[in-house]
Amino acid sequence: MTPNADPSLRSQVRKAIEDAWARAQAGLPETTEPHDAPVTIERPADPTRGDFASNIALRLAKPYRRAPLEIARAIAAHVATTATDPNSPIASVEVAPPGFLNIRLADHALAATTQHILLNPATWGRTVAAHPERVNVEFVSANPTGPLHIGNARGAFTGDLLCRVMAAAGHTVTREYYFNDFGSQVKNLGASVVAIREGCEIPEDGYHGDYVYDMARDIPPEVLAGAEKSGEDPSWAVGRWASEQVRAGIEASLEHLGCHFDIWRSESTLHNDGWVAKAVDRLRAAGDVYEEDGAVVFRSTRYGDDKDRVILRSTDDAAPTYFAADIGYLVEKFSRGYERIVFIWGEDHHGYVARVKAAAQSLGFDDDHVQMILTAWVRFVRDGKEVPMSKRTGEFITLDELLGEIGVDAARWFFASRAASSGIDFDIELAKKQSSENPAYYVQYAHARIASILRKATESGMAPPAADDPRLAELLAGILSGAPEAQLARQIVRLPEVVEDAAASEETHGITAYATELATTFHAFYRDARVLDPDEPDRSAARLALVAATMTTLANALGLLGISAPESM
RNA sequence: GCGCCCGUAGCUCAGUGGAUAGAGCGUCAGGUUGCGGACCUGAAGGCCGUGGGUUCGAGUCCCGCCGGGCGCGCCA
């Protein structure tokens, strides 16, 4: 076993079935029909059928021109079970019409995995990707013209969760925030601050939130003096200062949410460091640029975009568009050696996917390495009516305000348990009311309950056996004939599968569902099986070990979601 | 008009072409002389928007329609 990764029992079973098929296949005539039927090993809907089910025989029936049941029986006959091989993870295989294989795990495999958890608690659940990649994930990237509002929450959590899952699946992840400190929005922000300071009316394109008034009081004298000295419009100087104030506030809010960013990249540095000009040169060299109506246009239609896109507003290489900066950024990111560039965008940006991918191709990159994840819109409603959010008018609920009423853990769970593509109606009052009955607390409660048991065990001198105690696997195997223990063990060993699936699907709701099921299974176990029983020291020791492994599994599942696992609550 | 996303239980949402479509919340009926009752057990509740097609098999894939959201700037 590699120290940093856990072989999921599912992959062990998959290998056993594939090996069996390879042996069974020897007795069958060659097929000429192509088939890319993968061996699917999945958890059956009905747990009484076994731990895993495979449809391999149904998939292979056609190319091999054999009845599914015949193939299933042949595979089953060749699967090594614990009856024939004590190292096999499989206890039994049954064939069920129309051709399913129902597979049952061996108790010793469950016991060995449980001990593995206790030996490697910090890495339990992490897997090693088949092809580990260096990945850059850019998310949130809201312009620093005002504090984050609740509309930004989904992008923040979606991106953060994706990063956590990809890291757990063995990838190296960089988290990046891109912000505009370059365009007219900055000037408008500065003009608004200046106007308030001078008692004038805020300009038409200005900003009206309370934070603008706060900043108007706090402008450092040197900012104004600097502008005066250089003769620059004070709107710019104040705008840059204000924008940085806002950006720092955004960073603090995100850290509070548990969303950490490794790199904060500003648009102006992209221009100043020459990346935009370099990108334009490369598009030109590729022959994908032409001039029209005094502007420079990128021929993105050559790569599947709907229409060509202007990148420079004039032919003298001046006034690049926002899209030009995006292209420069793409070049800059690839120059840092990432194999995969991911963007988390609101679905209102879906129109930009084609043009950015087109740019990637023209630049010579594989556009499969540029990936956009679109999050569906969140409609914020109150009493059934949509609550409009506008940074410019200052009419919005900030993220900090929301999190003041709904805990970070509850909010993270809310977004983690929904697919990115699923549209959400977020009723603020309902969310506040339901915060206290959020499933996150249900899972945390199971964790705290186990912590309490372990405290009690220590107090009464019934400490669990050491993780490397050679008797442990035997003790554990001894209790797995009990229904509550067997069910709990079968739940905890699933974590690596759940992580694999989350990484593959780039969704986290499988993790929340799993954590809920595990907590439920534990609560049932708690009801049916007394952990601390002075009259049964061996049984107590084994149950303590099982329960400790459950606690680690709960903590790691919650950790993947950025949710705390309290020892008491 | 064209393009993308969505439509599953009262509500909020899951459901890698597989077996009897699930969870949480809500509703109703029960449960504790043991280690945390923020818990447990059970019940009711579904033409999976709709009509075709593909196949051994469709909530899932393809086409049409209906309904909702979003996009179609030399803005960012």
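Numbered from 1 within each chain, the chains take letters A, B, ... in sequence-line order.
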Q: Where along nucleotides 17-24 of chain B does protein come under 4.0 Å, by heavy atom, of base (B) or sugar-phosphate alone (S), with - for untouched nucleotides?
A: SBBB---S
Q: Could you measure between the two P atoms, the one in U16(B) and the one in G49(B), and give it in whole Å?
A: 15 Å
Q: Please pick, from C39(B), C13(B), U16(B), the nucleotide with the shortest atom-to-atom distance to any side-chain atom of H523(A).
A: C39(B)
Q: Quick one: E507(A) CD to C13(B) P, roughly how many Å, whole number?
A: 14 Å
Q: Quantified in whole Å, what is the C1' atom distance between nucleotide G22(B) and nucleotide G15(B)?
A: 7 Å
Q: For nucleotides A38(B) and C25(B), find the distance between their P atoms and express it as a whole number of Å.
A: 14 Å
Q: When you measure from the side-chain N and O atoms of S422(A) to the phosphate of A14(B), is any distance below 4.0 Å, counting only OP1 and OP2?
A: yes
Q: Heavy atoms only, 4.0 Å cut-off, all strands: where does A446(A) land among base, sugar-phosphate and nothing?
A: nothing
Q: Hey, does the side chain of R418(A) come within less than 4.0 Å of A14(B)'s phosphate (OP1/OP2), counting only N and O?
A: no
Q: Ignoring the backbone of D348(A), work out which of C74(B), C70(B), U12(B) is nearest its side chain.
A: C70(B)
Q: Expressed as a whole number of Å, how far does the C1' atom of G10(B) sit from that of U27(B)?
A: 9 Å
Q: With a 3.5 Å distance limit and no angle check, can you tell me whether R309(A) reaches the backbone of K307(A) through a side-chain donor-acceptor pair?
A: yes
Q: Can a donor-acceptor pair be found, under 3.5 Å and without considering hydrogens, that links the side chain of T508(A) to the backbone of A416(A)?
A: yes
Q: Please state whether the phosphate of G15(B), meaning OP1 or OP2, lies under 4.0 angstrom from any side-chain nitrogen or oxygen of H509(A).
A: yes
Q: Are any side-chain N or O atoms of S540(A) and backbone N or O atoms of V531(A), one a donor and one an acceptor, separated by less than 3.5 Å?
A: yes
Q: For a quick check of understanding: with a heavy-atom distance under 4.0 Å over all strands, which category does E497(A) fall into, base, sugar-phosphate or nothing?
A: nothing
Q: Under a 3.5 Å distance rule, please check whether E347(A) uses its side chain to pair with a backbone N or O of S421(A) as donor and acceptor.
A: no
Q: My understanding is that a pair needs two contacts under 3.5 Å, Watson-Crick or G-U wobble. By that rule, which nucleotide pairs with U27(B)?
A: A43(B)
Q: NA contact type, S417(A), heavy-atom cut-off 4.0 Å: base, sugar-phosphate, or nothing?
A: sugar-phosphate
Q: Just compare A38(B), A76(B), C35(B) and give me whichever is closest to any side-chain atom of M569(A).
A: A38(B)
Q: Contact class for A529(A) vs. all strands (heavy atom < 4.0 Å): base, sugar-phosphate, or nothing?
A: base
Q: Just checking, R418(A) and F415(A): is the charged tip under 6.0 Å from the six-membered ring centre and within 45° of the axis?
A: no
Q: Would you kindly compare S452(A) and R43(A) by the position of their nearest RNA chain B nucleotide and give the one closer to the 5′ end?
A: R43(A)
Q: Taking atom C1' of G3(B) as reference, at what distance in whole Å does atom CE of M372(A) sit?
A: 16 Å
Q: Between N180(A) and Q185(A), do the side chains contain a donor N or O and an acceptor N or O under 3.5 Å apart?
A: no
Q: Do the numbers put R449(A) on top of the ring of F522(A), so that NZ or CZ is under 6.0 Å from the six-membered ring centre and no more than 45° off the axis?
A: no
Q: When all nucleic acid strands are considered with a 4.0 Å heavy-atom cut-off, which category describes S568(A): base, sugar-phosphate, or nothing?
A: base
Q: For G36(B), which nucleotide in any strand shown is its Watson-Crick or wobble partner with both distances under 3.5 Å?
A: none
Q: Could a donor-acceptor pair under 3.5 angstrom be found where the side chain of H350(A) meets the base of C70(B)?
A: yes
Q: Taking the minimum atom-to-atom distance to the side chain of K307(A), which one of C35(B), G69(B), G73(B) wins?
A: G73(B)
Q: Determine the Euclidean distance between corresponding P atoms of C13(B) and C6(B); express it in Å to zero decimal places.
A: 14 Å
Q: For C63(B) and G45(B), measure between their P atoms and round to the nearest Å.
A: 37 Å
Q: Both distances below 3.5 Å, Watson-Crick or wobble geometry, any strand: find the nucleotide opposite G17(B).
A: none
Q: Is R43(A) positioned over the aromatic face of F52(A), cation under 6.0 angstrom from the ring centre and no more than 45 degrees off axis?
A: yes
Q: In terms of the angle between their ring planes, are Y322(A) and Y178(A) parallel, tilted or perpendicular, with boundaries placed at 30° and 60°?
A: tilted
Q: Could you work out the separation of C4(B) and G46(B) based on their C1' atoms and round it to a whole Å?
A: 29 Å
Q: Measure the distance between the ring centre of Y526(A) and the centre of the six-membered base ring of C35(B), then answer whether it is under 5.5 Å with planes under 30°.
A: yes
Q: With both distances under 3.5 Å as the test, what is the Watson-Crick or G-U wobble partner of C72(B)?
A: G1(B)
Q: Remember a base hit wins even if backbone is also touched, and classify A513(A) as base, sugar-phosphate or nothing at under 4.0 Å, heavy atoms.
A: nothing
Q: Report yes if a side-chain nitrogen or oxygen of Y442(A) is closer than 4.0 Å to either non-bridging phosphate oxygen (OP1 or OP2) of C40(B); otherwise report no.
A: yes
